[in-house]
Amino acid sequence: MTDAPLIEIEGVEKYYGDYHALRGITAGIGAGEFFSLLGPSGCGKTTLLRAIAGFEDISAGRILIAGRNMDGVPPNRRPTNLVFQSYAIFPHLSVAENVGFGLRRAEMSTADKRRAVGEALEMVGLGQYGGRAAHALSGGQRQRVALARALILKPKVLLLDEPLSALDKKMREQMQVELRRLQRQVGITFVLVTHDQEEALIMSDRIAVMFEGEIAQLDAPEALYRRPASRKVGEFIGMMNFLPAQVGVSGVTQGGIAVEVAGLGPTVLQSAQCPGAARPGAAEVGVRPESLTVLFDEGTPAAHRATGRVDEITYYGDMTYYEITLEGAPKSVQVSARNMPGRRLLDRGETVALAWDPSSLVLFC
Amino acid sequence: MGDRRPVNALSKALRSDAGRGLTLVSPALIYALLLLAAPLAVIVLFSFWTQNFLTIERVFTLDNYRTALTDPLYATLMQRSISIAGMVTAVTVILAFPVAYYISFYVRPERKSLWLFLITIPFWTSYLIRVFLWRVILAFDGPVNGTLMGFGVIDQPLPWLLYNATAVVITLAHAFAPFAILPIFVALEKIDRALLEASRDLGESPAMTFLRVTLPLAMPGVLAAVLIVFIPTVGDYVTPRLVGGSGGTMIANMIYAQIFDLNDRPMGATLAVLAMTIVALTLIWAISRVRLWLWLGGRISGRARLLVLAAPVAEIALIGWVIGQGPAIFGLIPALLALAGAVLVSSAAILFSVPRGRFAV
């Protein structure tokens, strides 16, 4: 990125008394980006979002939006709008009055304001609901009202605090797609806080994974999934198996890293597959369930093979997850297989051959 | 078998949800019927009788009402009672709001109950003693005058502190403060703080957030406070008697005088019934008109809004005219009954057809 990011977060610290909630957060969020703050509860993601919105003072560091230092700027003067987790729909106002709430100071005629409210409601698919009382709305509708109310002000940044957590699964999946579409349509920078890794992967351009007040990794969804920077990130994003491994004494050479992986055997990994510095000795290798391929036809040629025993079967309809103990490995691994037409399910206790690819492994030293 | 069925039916009825609820409220209900409804009925009955020296003439007559409604003394006292109660309500609610706001928004959650407890401390002394204390505080040689003279603000003690309507307002406002603070506090506590943040986030300053979000959402509490303060103060007689002097005498003092000093119970009963009716009608009228006014105000803009504003003024003028001229033209009782009927019917029509507005009125 050649331009300066729209939001620059520089060394932000936050203390609540003795509690260190944010520990030196630095990140840049680009204009028009869909950016997610992902982490377990208590990791500081909501605190950071509220600091951007202006509801939390920061103890050190600075936050710049469009090049302007936001220190001491109250929420009502910031070019940001927030969709609250509870939606915070004004119960004493109608849907249209809620959506038009922020337009009071806008220099527009009443007719223009009414038109803008109508358009905003149309955009979120609530065109007919303007006259409704706010308390007569369902959860999904309240969320749309909250979105329309924030977007009508055309903020530079829209902040979303776990906006989908109160919705049921179907509704949530639908809103994930819709939010993404809406973001592309309006071109506003979205900053989403979520604890749901799947939601973050589906919606975001980039994700900052946060643990205990720090950003553990900031990457695009695919990079985050394929090359987690630490065992913790790998565990948090999707499912990952960890196998004990031994980095050879000859160790790290120009040609790669020689590793002996329990259950998979000896192999050579590229240095890019090892976040941090590889050194000889005990290590762990991470492998995703879909990176181990069950060879339903024993005769299929495969460069790298392993053998294992099926311990447990979990059937999901489109996929089946097998718990398989590899020969020479201390504990079982999860292996996923797509249920293609004509493909049988494995039985418990069955011995199967698996194919794997060294490039899909990640080495954690 | 046959004689067991009613018992079964009764026990079944008592075990149903409605029956259980009725069982639960029955002690209070019986108490209320015996000690509130029955005496009230007796008072209404008395108001249609007359006193003939030591005996009561048990003959239905409207004479008392005619006297009560024509003698300007009673009208003056009634008017003064309503205006003093109105002032007390205004002063109490306006002073109570910031206190309730402070406790709800600035006091740490674990300290709130302590604050509420402190606010109820005045109730630890009897009402009578508190009124007497105000008499001491506001007296000619009391601490207020003493302090002002000590600082040289005044040379002579202020004679107008005590024995007038102002003294009544001060004393009653103090006595009823907790009653106003508590409902307002409850309403403020119920406001989701995220709503206030949402308002700030949508571009409003703290002051505008208060006007557009906090105040409308606190209105149910304010309304409750208004009713809780206004209704008992209209009928208060201890405070006006002790600190009111002649200028602060209210209708309840006259009712007391009729019954105990003049030994005219029917006349006292008549005044009591009239006072209740007038207060009820005034409140219903005020609430329905405020609701209509807010509802119209939200739908009409520009010049038409002034017309909406003028409508209650015109109505007050009309009511005043009926009270002033009506009796001479239509006869006393028909004119007033028609007025009461018109107020009731129009208010009921408004209350049933106009939805509650954003101020919960």
Side-chain angles (χ1 to χ4, degrees), chain A residues 46 49-50 52-56 73-94 96-106 109-111 113-114 131-136 142 145-155 157-162, chain B residues 104-105 108-110 184 186-224 290-291 293-305 308 353-361:
Chain A
T46 298
L49 190 84
R50 289 174 57 83
I52 298 171
F55 291 115
E56 299 281 353
V73 179
N76 47 326
R77 301 256 168 79
R78 295 196 182 198
T80 59
N81 280 117
L82 178 57
V83 174
F84 289 80
Q85 188 172 9
S86 63
Y87 310 142
I89 302 297
F90 300 115
H92 57 301
L93 302 178
S94 71
E97 286 170 324
N98 262 285
V99 173
F101 189 90
L103 291 180
R104 186 185 67 85
R105 295 158 57 92
S109 69
T110 317
K113 284 180 186 175
R114 204 167 292 148
R132 266 289 176 105
H135 57 78
R142 295 165 83 83
V145 172
L147 265 173
R149 185 176 74 178
L151 286 174
I152 199 172
L153 301 174
K154 302 193 167 55
V157 184
L158 184 74
L159 307 167
L160 303 115
D161 185 6
E162 307 227 13
Chain B
S104 182
F105 282 84
R108 277 192 277 148
E110 65 271 21
I184 298 173
V186 170
L188 288 171
E189 279 290 284
K190 280 202 295 191
I191 298 176
D192 180 1
R193 300 308 193 249
L195 295 175
L196 309 181
E197 287 190 343
S199 170
R200 296 298 309 281
D201 189 67
L202 294 167
E204 290 296 11
S205 62
M208 280 311 291
T209 295
F210 177 81
L211 287 178
R212 295 188 70 189
V213 182
T214 316
L215 193 58
L217 289 174
M219 270 327 261
V222 172
L223 197 67
V290 168
R291 183 186 291 188
W293 183 56
L294 288 174
W295 185 77
L296 285 174
R299 267 154 193 77
I300 297 169
S301 52
R303 278 232 185 98
R305 215 174 213 168
V308 175
S353 58
V354 178
R356 273 162 188 255
R358 69 180 61 165
F359 289 94
V361 178

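Note on naming: letters A, B, ... go to the chains in the order of the sequence lines (proteins, then strands), and numbering restarts at 1 for each one.
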Next item on the list: Locate the shortest heavy-atom distance separating A218(B) from A187(B); write the atom from each residue and the value.
Entry: O-CB, 3.8 Å
Next item on the list: Under the side chain to side chain donor-acceptor pair (under 3.5 Å) rule, collect the residues that match up with E162(A), sequence neighbours excluded.
Entry: H195(A)
Checklist line | Interface residues of residues 203-210 of chain B facing chain A - non-hydrogen atoms under 4.5 Å apart | finding: G203(B), E204(B), S205(B), M208(B)
Next item on the list: Using non-hydrogen atoms and a 4.5 Å limit, figure out which bit of I89(A) sits close to chain B: side chain, backbone, both or neither.
Entry: backbone
Notebook entry, point to check: When heavy-atom pairs shorter than 4.5 Å are enumerated against chain B, which of P91(A), P75(A), P155(A), S94(A) gives the highest number?
Noted result: P75(A)
Notebook entry, point to check: Passes side chain to side chain contact (heavy atoms under 4.5 Å, CB included), H92(A) versus M219(B)? Steps please.
Noted result: CA-CA 11 Å; H92(A) 57 301; M219(B) 270 327 261; over 6 Å; no
Next item on the list: Compare every heavy atom of L147(A) with every heavy atom of L158(A), then report the nearest pair and how far apart it is.
Entry: CD2-CD2, 3.9 Å
Next item on the list: Grab the two heavy atoms, one from A150(A) and one from L202(B), that are nearest each other, plus how far apart they are.
Entry: CA-CD2, 4.5 Å
Next item on the list: Under 4.5 Å heavy-atom distance to chain A, tell me which part of L195(B) shows up: side chain, backbone, both or neither.
Entry: both
Notebook entry, point to check: Which atoms of F55(A) come close to chain B, meaning under 4.5 Å heavy atom to heavy atom: side chain ones, backbone ones, both, or neither?
Noted result: side chain
Item checked: side chain to side chain donor-acceptor pair (under 3.5 Å) partners for S109(A), two or more places apart -> D112(A)
Item checked: Selection from R77(A), R104(A), R78(A) maximising heavy-atom pairs under 4.5 Å formed with chain B -> R104(A)
Next item on the list: Pick one of side chain, backbone, both or neither for L82(A), based on which atoms fall under 4.5 Å of a heavy atom in chain B.
Entry: both
Checklist line | Under 4.5 Å from any heavy atom of chain A - which part of D201(B) | finding: both
Checklist line | Structural part of R193(B) lying under 4.5 Å from a heavy atom of chain A | finding: neither
Item checked: Smallest separation among heavy atoms of E189(B) and S104(B), with atom names -> OE2-OG, 2.8 Å
Margin query: Taking CZ in R114(A) as the centre, count heavy atoms belonging to other residues, nucleotides or ligands within less than 6.0 Å. Is the count above 12?
Written below: no
Next item on the list: Against chain B, label F101(A) side chain, backbone, both or neither, depending on which of its atoms sit under 4.5 Å from a heavy atom there.
Entry: both
Check: Can you name the nearest heavy-atom pair linking V213(B) to P216(B), along with the distance?
Finding: O-CD, 3.3 Å
Next item on the list: Could you tell me which residues satisfy side chain to side chain donor-acceptor pair (under 3.5 Å) with R142(A), sequence neighbours excluded, listed by chain and number?
Entry: none
Notebook entry, point to check: Which answer fits R149(A), side chain, backbone, both or neither, if we ask what part of it has an atom under 4.5 Å from a heavy atom of chain B?
Noted result: both
Item checked: Shortest non-hydrogen contact from F90(A) toward A134(A) -> O-CB, 3.5 Å
